[in-house]
2 protein chains.
Amino acid sequence: MKSEHIPKATIGRLAVYIQVLENLIRDGIEVISSEKLAQACSVNSSQIRKDLAYFGEFGVRGVGYYVQELITSIRESLGINRVWNCALIGVGNLGMALLRHHDFERRGFFIKAAFDCDPDKIGKELEGMEIVCPTHLKDQASELGIELGIITTPPDRAQRAANHLVDAGIKGIVNFAPARINVPPHIPVEYVDFFDHLYSVAFQVTLGNS
Amino acid sequence: MKSEHIPKATIGRLAVYIQVLENLIRDGIEVISSEKLAQACSVNSSQIRKDLAYFGEFGVRGVGYYVQELITSIRESLGINRVWNCALIGVGNLGMALLRHHDFERRGFFIKAAFDCDPDKIGKELEGMEIVCPTHLKDQASELGIELGIITTPPDRAQRAANHLVDAGIKGIVNFAPARINVPPHIPVEYVDFFDHLYSVAFQVTLGNS
DNA sequence: CTAACCTTGTGAATTTTATAACAAGTTAAA
DNA sequence: TTTAACTTGTTATAAAATTCACAAGGTTAG
Ligand SMILES: NC(=O)c1ccc[n+]([C@@H]2O[C@H](COP(=O)([O-])OP(=O)(O)OC[C@H]3O[C@@H](n4cnc5c(N)ncnc54)[C@H](O)[C@@H]3O)[C@@H](O)[C@H]2O)c1
Ligand SMILES: NC(=O)c1ccc[n+]([C@@H]2O[C@H](COP(=O)([O-])OP(=O)(O)OC[C@H]3O[C@@H](n4cnc5c(N)ncnc54)[C@H](O)[C@@H]3O)[C@@H](O)[C@H]2O)c1
């Protein structure tokens, strides 16, 4: 079908499909039907076929989808079948956990530089990377080919961090701080809000009890 | 209005409203209109009024919403105006970052127990808590009044961790591991997937460039 | 007190998203 | 080769969420 506008919910589900498909590979499963995949992802099978149809035709009628091929197709569709260089701002508890988490690299997201404004941290080395003052962000970004920014500062510093990133010509931002940030409209921002999810389970549990 | 079924998206937005409203408090703003709040949250003002209408009438016509009151009302609506005791399974990079993050407590989510199956970690103390073997989960859960579980194990251990939690009578789960888990249908599960958000920005950046 | 002005809450209209249904393509067995 | 059993891609249908539009309620200034 190859369509124009793709629902945000579709992107979220594609991420789930990849997750489940990768686990199927581990289990040695090579082909899967939309119905089976749907069960594993807790969605409707039409939903899966519709989501994939936005990007092309990846299945074989009467057979299903070849798992490895489908993973590749989805990754191409999302634009993640390549390396993305990232900068991280805010090397605290969470920032360090992310830096130490090598799954990001395995999936093509390389954190190439880490920034913090704390004088005690600047100059220290972590995971083979020197922690640098955010004022150097602009230089390093172009030098290292950094396109994405990850914000892990306290919430009241998130806007400042965002400003640094924008100034450095970054193309997209993932913000872990619980604060909205203002950036030019052509720069996409994704918010990772742990509390959103905690609130959501708490709400569902409360509903169930009432 | 007080309605029956509440869209999941509404819950997510309520979390955003709280986030923004709390920052308004910090700035000393006491009253806000749905239009202003909408701008701060990047949503439509009708959306806000509609979201709130699911739970009651919290505003004053001609005036707007009293910020502190609205926070309280939303918290009551979500069932988070009370303490929720949590157990964390998997004390690795991410688990430790969460344990050290005291914002959870400030918002009523207390991590009362931490579990790990690594013999090197069991018995160690962290943030005033002893790391315990997951086999003790059941005892501790009832003893400490734990209702929610947080999974931060590797993905191939997530199901096992979930089984422990379910067996311990936990009422809801937040899963940070990139793997779907199967639990009885009355137990809500929320997935926090960092890659989902990375994929999403990458996709949006790619779109913008094409 | 009146008039001009705001802002909420909500039914109706619109848009978007999800599900169902099925024609078309594929396989395998008889 | 034919038939029966599958499964996709896509159109049609249904459901859900968002936005619009405005009456109803409230405030402020003169
Ligand atoms: N740690 C968690 O588990 C967790 C969970 C949910 C949300 N968060 C959010 O993630 C963010 C980071 O949390 P954390 O626990 O790592 O906090 P933290 O205080 O440990 O780390 C914050 C780091 O940011 C640095 N920083 C401050 N201002 C900066 C600036 N302008 N430029 C660059 N660096 C700056 C600080 O020096 C510090 O090293 C916070 O916004 C927090 O609310 C954290
Ligand atoms: N660290 C990050 O920044 C990050 C980012 C995104 C996602 N994640 C996900 O979060 C999870 C944890 O990541 P991490 O970096 O902390 O990994 P980690 O390897 O540092 O920690 C995992 C911990 O879980 C423990 N564990 C393993 N099996 C267990 C079991 N059955 N019961 C109890 N404990 C068990 C291990 O002993 C270890 O301490 C992983 O699934 C990872 O994919 C982490």
Side-chain angles (χ1 to χ4, degrees), chain A residues 1-17 20-21 24 29-74 77 196 200 203, chain B residues 1-17 20-21 24 29-74 77 196 200 203:
Chain A
M1 199 172 89
K2 290 261 186 179
S3 175
E4 199 64 9
H5 169 253
I6 285 123
K8 195 129 196 183
T10 290
I11 304 301
R13 283 191 298 266
L14 289 176
V16 174
Y17 304 157
V20 170
L21 290 167
L24 290 177
I29 294 168
E30 294 180 352
V31 185
I32 193 167
S33 69
S34 61
E35 189 53 48
K36 289 266 178 60
L37 182 58
Q39 285 180 310
C41 300
S42 305
V43 299
N44 183 292
S45 64
S46 296
Q47 183 77 81
I48 292 184
R49 299 198 295 277
K50 180 64 85 65
D51 284 337
L52 296 176
Y54 285 119
F55 298 97
E57 303 187 6
F58 306 127
V60 182
R61 293 178 191 212
V63 180
Y65 300 88
Y66 293 98
V67 177
Q68 188 58 68
E69 270 183 32
L70 184 54
I71 292 175
T72 304
S73 300
I74 295 177
S77 303
D196 173 2
S200 187
F203 174 64
Chain B
M1 199 172 84
K2 291 263 187 178
S3 176
E4 198 63 10
H5 169 253
I6 286 121
K8 195 130 194 181
T10 290
I11 305 302
R13 281 191 298 267
L14 289 175
V16 174
Y17 304 158
V20 170
L21 290 167
L24 290 176
I29 294 167
E30 294 181 351
V31 185
I32 193 166
S33 68
S34 61
E35 190 54 48
K36 288 266 179 59
L37 182 58
Q39 286 180 307
C41 300
S42 305
V43 299
N44 185 292
S45 64
S46 296
Q47 183 77 83
I48 292 184
R49 298 199 296 277
K50 183 63 70 98
D51 284 337
L52 296 176
Y54 284 118
F55 298 96
E57 304 188 5
F58 306 126
V60 182
R61 295 178 189 211
V63 179
Y65 300 89
Y66 293 98
V67 177
Q68 187 58 68
E69 270 183 32
L70 184 54
I71 292 175
T72 303
S73 300
I74 295 176
S77 303
D196 173 2
S200 187
F203 174 65

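Numbers restart at 1 for each chain; the letters A, B, ... are given by sequence-line order, proteins then strands. Keep in mind that the numbers below use all heavy atoms, side chains included, and drop hydrogens, waters and symmetry copies.
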Atom pairs, protein N/O to nucleotides 23-26 of chain D N/O, distance under 3.5 Å:
from, atom 1, to, atom 2, distance (Å)
D/dA24, N3, B/Arg61, NH1, 3.0
D/dG25, N2, B/Gly62, N, 3.1
D/dG26, O4', B/Arg61, O, 3.3

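Rounded to an integer number of Å, the gap from B/Tyr54 OH to D/dA16 C1' is 9 Å. Note: NE2 (A/His5) to C1' (C/dT15) measures 11 Å, nearest angstrom. When the P atom of C/dT17 is taken as reference, atom CD1 of A/Ile11 falls 11 Å away, rounded to whole Å. Between the CD1 atom of A/Ile6 and the P atom of C/dT16 there is a distance of 14 Å, given to the nearest Å. Between the CG atom of B/Asp51 and the C1' atom of C/dG9 there is a distance of 13 Å, rounded to whole Å. Per the geometry, NZ belonging to A/Lys8 stands 14 Å off P belonging to C/dA18, to the nearest Å. Look at CD1 on A/Ile48: it is 15 Å from C1' on C/dA20, rounded to the nearest Å. Across the protein-nucleic acid pair, A/Glu35 atom CD and C/dA21 atom P stand 13 Å apart, rounded to whole Å.
Listed nucleotides D/dA17, D/dT18, C/dT10 differ in distance to B/Pro7; the shortest reach to its side chain belongs to D/dA17. Listed candidates were C/dG11, D/dC20, C/dT8. Nearest to the side chain of B/Asn44 is D/dC20. Nearest to the side-chain atoms of A/Arg49 among the listed nucleotides C/dT19, C/dA12, C/dA21 stands C/dA21.
Under the 4.5 Å side-chain criterion, counting only non-hydrogen atoms from C-beta, A/Phe58 is in contact with A/Ser77. At least one side-chain heavy atom of B/Ile74 sits under 4.5 Å from a side-chain heavy atom of B/Leu21. A 4.5 Å side-chain heavy-atom check between A/Ile6 and A/Phe55 finds at least one atom pair inside the cut-off. Between B/Phe203 and A/Lys8 there is no side-chain heavy-atom pair separated by less than 4.5 Å. Annotation: side chain of B/Pro7 is in contact with side chain of B/Tyr54 (closest heavy-atom distance under 4.5 Å).
Evaluation of atom-type donor-acceptor distances gives a pair under 3.5 Å for the side chain of A/Lys50 against the base of C/dT19. With hydrogens and angles left out, the side chain of A/Ser46 and the base of C/dA18 share no donor-acceptor pair within 3.5 Å.
Nearest-nucleotide positions on DNA chain C place B/Ile32 closer to the 5' end than the other of B/Ile32 and A/Arg13.
When heavy atoms are screened at a 4.0 angstrom cut-off, B/Ser34 is found touching the sugar-phosphate backbone but no base atom. Counting non-hydrogen atoms under 4.0 angstrom, A/Thr10 reaches nothing in the nucleic acid.
Closest approach of A/Ser200 to B/Ile11, counting heavy atoms only: CA-CG2, 4.0 Å.
Every side-chain hydrogen bond (donor to acceptor under 3.5 Å, both in side chains) that B/Glu35 has, sequence neighbours left out, goes to B/Ser45.
Dashed line: the shortest gap from a side-chain N or O of A/Gln47 to OP1 or OP2 of C/dT19 is under 4.0 Å.
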